Each structure stands twice: as structure tokens, then as C-alpha cells.
Amino acid sequence: MQNTAETGPDAPIDVTPLLDDPYAAYAALREAGPVHRITGADGSPAWLVTRYDDVRSALADPRLSLDRRHAGPGGYRGFALPPALDANLLNMDPPDHTRVRRLVVKAFTAGRVETLRAPVRRVAEELLDAMAERGRADLIADYAGPLPITVICDLLGIPQRDRRDFLAWSDALITPDPSRPEGMKQAIGAMLEFYTGLIAAKRAEPGDDLLSDLIAVRDDAPAADGSDRLTEDELTSLAFLILFAGYENTVHLIGNAVLALLDHPDLLRQLQQNPAELPTTVEEFLRYDGPGPLAIRRFPKQDVEIGGVRIPAGESVLLSIASANRDPARFPAPDALDPGRDLSGHLAMGHGIHYCLGAPLARMEAVTALEALLARFPELRLDVPRGELRHRRTLRSRGLISLPVAWETVSEQVFEA
């Protein structure tokens, strides 16, 4: 990979190494220079920022907009969603971002999340019960996936019958099938129809759930300045964002964490003996191999300089969280998994006003899921050669396609005794 300063803006680098071996590729990019011209996932050009200090500063820079109205022609723009799903916090700047976030943030406070810990543990135990006697499982399909989808669907009040469809739609968006280019469009259409129908049903019969609360915020009489009101598109988009992001990020966080433990058996045994260390260790999992390699694309509202590189207004900027969290200038020996290191300031959950709204819930789910898993299966092991594992080939998320694991069943233990 070459430095942007050498290649110039008309010669974007190939992102294939970022898919095949991302951390080695990011290390090479950091060494070569702070900012690089790349070809985005949709084939359009973007600027990739790789060093910790630059990424952290850019995450909180008000000159870098998330609003597509500031995007110039021909740049990387991210997901193409209909307006009813696109009016969400990932595409907003203040004051709209401030207004919408204030209306939903109370659902994800540390205190509110703590009330969910016991229900999450119950769901985890039920999933482990279903797996236990088989002696093996795909930890993604059987545990890391069903746990967050159950939790977030319960939070929003989504019926059990609709959850399998949601998983299929999410997979179509996360990793589109190149042989079915229409698959993503169909999934988006199905999701929009689903959310529209669900909101109508909740309006007719409100429940004790977050979506019913958000509908009340939308429908109740607003303040004179409109500061306590959602538009209909914002309501639908919030439901989409909470469900989609709450599922995708948490399933990858749990899966990546379990793989890291299987790669580090001493740490696995340490956590089995001292589960109170899990919250701190989850922070290191987030830094070491987090679920979100890139922050949401940004568009400079004016010409900006990042790392000594001038980026024109309207062009697309991608901030590499994965690279920043492995920057040796901030985290010594960054490729080592070390829960004892100084983890303050890792960027896995973002920084600034767009810091992840669901961070307390994701952390709690990961800690609870790992605690239950390690207690239930002390001899957990990988059930395929390490080299056979495959990650989803996408720049926007970092997660395993599957994670086959095995353990001793009770009957095997009795037989051996």
C-alpha cells in the first residue's frame, strides 16, 4: 500500500488487504501516512484516516458532517435507504441530532440497562440449555446471534413470529450476496413494510415497550418549539436503527470476544476463575477486535486538513476505529490482548456527540453472555481448525460468519468417570 502523498488523489489504493488481513493492512497504512485515498465499498473514492490522534479529533470535529446534504457528487455515501429509514441519528447533525438523541437516550442509561441484566441472563441460560446436550454448536447462530436479537426485540416489543425474518433481512444488508444484487433492495423494502406495519399496530394497541414510548413522543402534543417531537420518518428510522445496530454490533462483539478467548486459553481460564474481571476485559475485546472497524462516513462542510492532508469540502471521509485502536503511539504492543493495559480513550464506541447510544446495553450483554457461557462450558474449545474460520467480507463490520465450538457434555463426563 502506498502513501496518499505519493499516489495523489487520483490513485486510490486497493482495499482488498483490509478485508483479507485488516490489522496488518492498517499497520502498513499507519506507517505509510495518516490519510489515504481509497475506493469505498460502492466503488467510489473516499479518504481513510488511520492514526489515533487524527481519528479521535475528527470524530468530534463539527466541520465533518454526517448529513448527506453536505456530500459532493461521486463520493462514497454508505447505505442507500429510503427516507423513512434514513432519518436516523447516523445521518444527523445538531440541532436535529441533539433533539432526537435527547428523546431516546433515557432508554439506554446505565440505570435502565441494569434493570435488563437479569432478563438478559435468563435468555442466555435458555439458549445454553438448548445447546448443552449436543456437545457442539455454532456459537454465532446458536448463541451470539439469538441473544441480542431477543433482547432488542423484547425492548422494542417486536413479536416473536417476526424475529426470524429480521435476521434474514439483516444478513442481506450486512453481507450482500454478489450473486443476488437485488437481495439488499428486497430486504430494505421488506424492513420498511415491517416497521410501518408494526408502528401502526403499536398505535392501535400500545404496549409496555420502547417503541410504544417513541410513538407517544411522536403523537403527543409538541412543545411550541417542536423540541419534544419526532417526525414520522424519524420514528420509523429510530426503530430501524435501534433494532439493526443493537443486533449487528452485539453479535459481532460476543463472537469476536469468544474467539479471542479461544486463542488465549490462559485468559479464558483466568476469567472462569475471576468473572468479576469481565467488564474490564470486554473493554479490551472492544479495542482489540471490535465490531465496527469504521465510523459512519463524514462529509467536510468546508476544506479541512487532517494529518497534514487537505481534504476538500463534500468529499467522503472514513475514520478507521480499528486502525486507531491498534495505533502503537496510543496503545503500546497493540496487537497483544492485554486487559491490564490502560484502556481509557479507546474508540470502539466512538467519541464526541455521536458516541454510541447503545454502548451501556452492548457492554452489559457482552459481559452477561460471556459470564454465562464460561460458567456453563468450562472446557469450551474450537471445533474446526483455526484457519477455516471466516469473517464477513465487509469494511463496515467485523464479525465471524460462524464459530463452531465444542465441549464435554454431562453424559460424556459421567461415562469417562
Side-chain angles (χ1 to χ4, degrees), residues 41-42 66-69 71 76-93 96-97 99-101 103-104 107-108 145-146 148-207 209-219 229-251 292 296-297 356-358 392 394 396-397:
D42 62 355
L66 271 70
D67 190 331
R68 287 190 179 92
R69 289 176 294 184
Y76 173 69
R77 298 165 66 89
F79 266 170
L81 294 171
L85 297 181
D86 212 32
N88 63 61
L89 291 167
L90 302 185
N91 299 313
M92 288 181 178
D93 299 329
D96 286 336
H97 177 272
R99 170 180 55 83
V100 173
R101 188 177 177 108
L103 292 171
V104 72
F108 297 98
I149 194 62
T150 300
V151 171
I152 208 74
C153 284
D154 285 347
L155 183 66
L156 285 168
I158 294 175
Q160 183 74 38
R161 64 179 181 275
D162 296 317
R163 299 179 186 187
R164 185 178 296 276
D165 286 339
F166 172 77
L167 287 172
W169 299 330
S170 296
D171 284 342
L173 295 184
I174 296 168
T175 49
D177 183 350
S179 68
R180 293 188 65 250
E182 75 284 359
M184 178 181 284
K185 184 176 180 179
Q186 291 173 351
I188 290 171
M191 277 191 165
L192 178 56
E193 182 179 356
F194 165 72
Y195 287 116
T196 302
L198 181 64
I199 288 170
K202 292 287 182 184
R203 269 200 173 100
E205 293 187 41
D209 54 70
L210 176 58
L211 185 53
S212 295
D213 292 347
L214 292 175
I215 291 169
V217 169
R218 158 67 182 149
D219 293 349
R229 186 77 176 261
L230 295 169
T231 69
E232 192 69 14
D233 282 352
E234 287 169 350
L235 171 63
T236 310
S237 296
L238 263 178
F240 166 75
L241 177 63
I242 291 169
L243 190 53
F244 185 70
Y247 163 70
E248 181 187 16
N249 290 330
T250 308
V251 63
I296 298 300
R297 76 285 171 277
C356 177
L357 183 68
R392 296 177 181 271
T394 171
R396 65 175 303 275
S397 63

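The model shown is predicted, which means the values in this text are computed figures rather than measured ones.
Residues Leu156 and Leu211 come closest through the heavy atom pair O-CB, 3.2 Å. Scanning all heavy atoms of the two residues, the minimum distance from Leu210 to Ala107 falls at CD1-CB, 3.5 Å. Residues Leu66 and Leu89 share a closest heavy-atom pair of CD2-O, 4.1 Å.
Here the side chains of Ile242 and Leu214 are in contact, with some heavy-atom distance below 4.5 Å. In this structure the side chain of Leu155 reaches within 4.5 angstrom of the side chain of Ile152, judged on heavy atoms.
Remark: Thr250 pairs with Pro148, Ile254, Ala362, Glu365 by the side-chain contact (heavy atoms from CB on, under 4.5 Å) rule, at least two apart or across chains. Applying the side chain to side chain donor-acceptor pair (under 3.5 Å) rule to Glu232 yields the partners Arg203, Arg218; only residues at least two apart in sequence or on another chain are considered. Among residues two or more places apart in sequence or in another chain, the side-chain contact (heavy atoms from CB on, under 4.5 Å) test is passed with Pro83 by Asp233. Among residues two or more places apart in sequence or in another chain, the side-chain contact (heavy atoms from CB on, under 4.5 Å) test is passed with Ala172 by Ala187. Taking Asp67 as the reference, Arg69 meet the salt bridge (charged side-chain N to carboxylate O under 4.0 Å, His left out) condition, with sequence neighbours excluded. For Glu205, there are no salt bridge (charged side-chain N to carboxylate O under 4.0 Å, His left out) partners, not counting sequence neighbours. Residues satisfying the side chain to side chain donor-acceptor pair (under 3.5 Å) test with Asp213, not counting sequence neighbours, are none. Applying the salt bridge (charged side-chain N to carboxylate O under 4.0 Å, His left out) test to Asp96 and every residue at least two apart in sequence or in another chain returns Arg99. Partners of Arg392 by salt bridge (charged side-chain N to carboxylate O under 4.0 Å, His left out), not counting sequence neighbours, listed by chain and number: Asp171.
Just one residue in the list Leu192, Ile199, Leu198 forms a side chain to side chain contact (heavy atoms under 4.5 Å, CB included) with Thr196, and that residue is Leu192.
Remark: Leu241 CG to Leu90 CG distance equals 4.5 Å, nearest 0.5 Å. For the atom pair CD1 (Ile296) and CZ (Arg396), the distance works out to 7.0 Å, reported to the nearest 0.5 Å. From Leu243, atom CG reaches atom CD of Glu248 across 11.5 Å, with rounding to the nearest 0.5 Å. Taken to the nearest 0.5 Å, the CG atom of Leu103 stands 8.5 Å off from the CG atom of Leu238.
Counting only residues at least two apart or on different chains, the salt bridge (charged side-chain N to carboxylate O under 4.0 Å, His left out) pairs with a member in residues 184-202 are Lys202-Asp209. Screening residues 169-191 for ring-ring contact (aromatic ring centres under 6.0 Å, His included) gives Trp169-Phe194 as the qualifying pairs, with residues at least two apart or on separate chains. Sequence neighbours left out, the pairs with a member in residues 155-164 that pass salt bridge (charged side-chain N to carboxylate O under 4.0 Å, His left out) are Asp154-Arg163.
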Would Phe240 and Ile188 count as a side chain to side chain contact (heavy atoms under 4.5 Å, CB included) if you check the C-alpha gap in whole Å, the side-chain angles of each, and the deciding distance to 0.1 Å?
CA-CA 10 Å; Phe240 166 75; Ile188 290 171; over 6 Å; no
Take Arg68 and Arg297 through the test side chain to side chain contact (heavy atoms under 4.5 Å, CB included) and record every step on the way to the result.
CA-CA 9 Å; Arg68 287 190 179 92; Arg297 76 285 171 277; 3.4 Å; yes
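Within the 3.5 Å criterion, the main-chain N or O of Ala84 finds a donor-acceptor partner in the side chain of Ser237. No donor-acceptor pair closer than 3.5 Å links the side chain of Ser212 to the backbone N or O of Pro206. Side chain of Thr236 to backbone of Leu85: no donor-acceptor contact under 3.5 angstrom is found.
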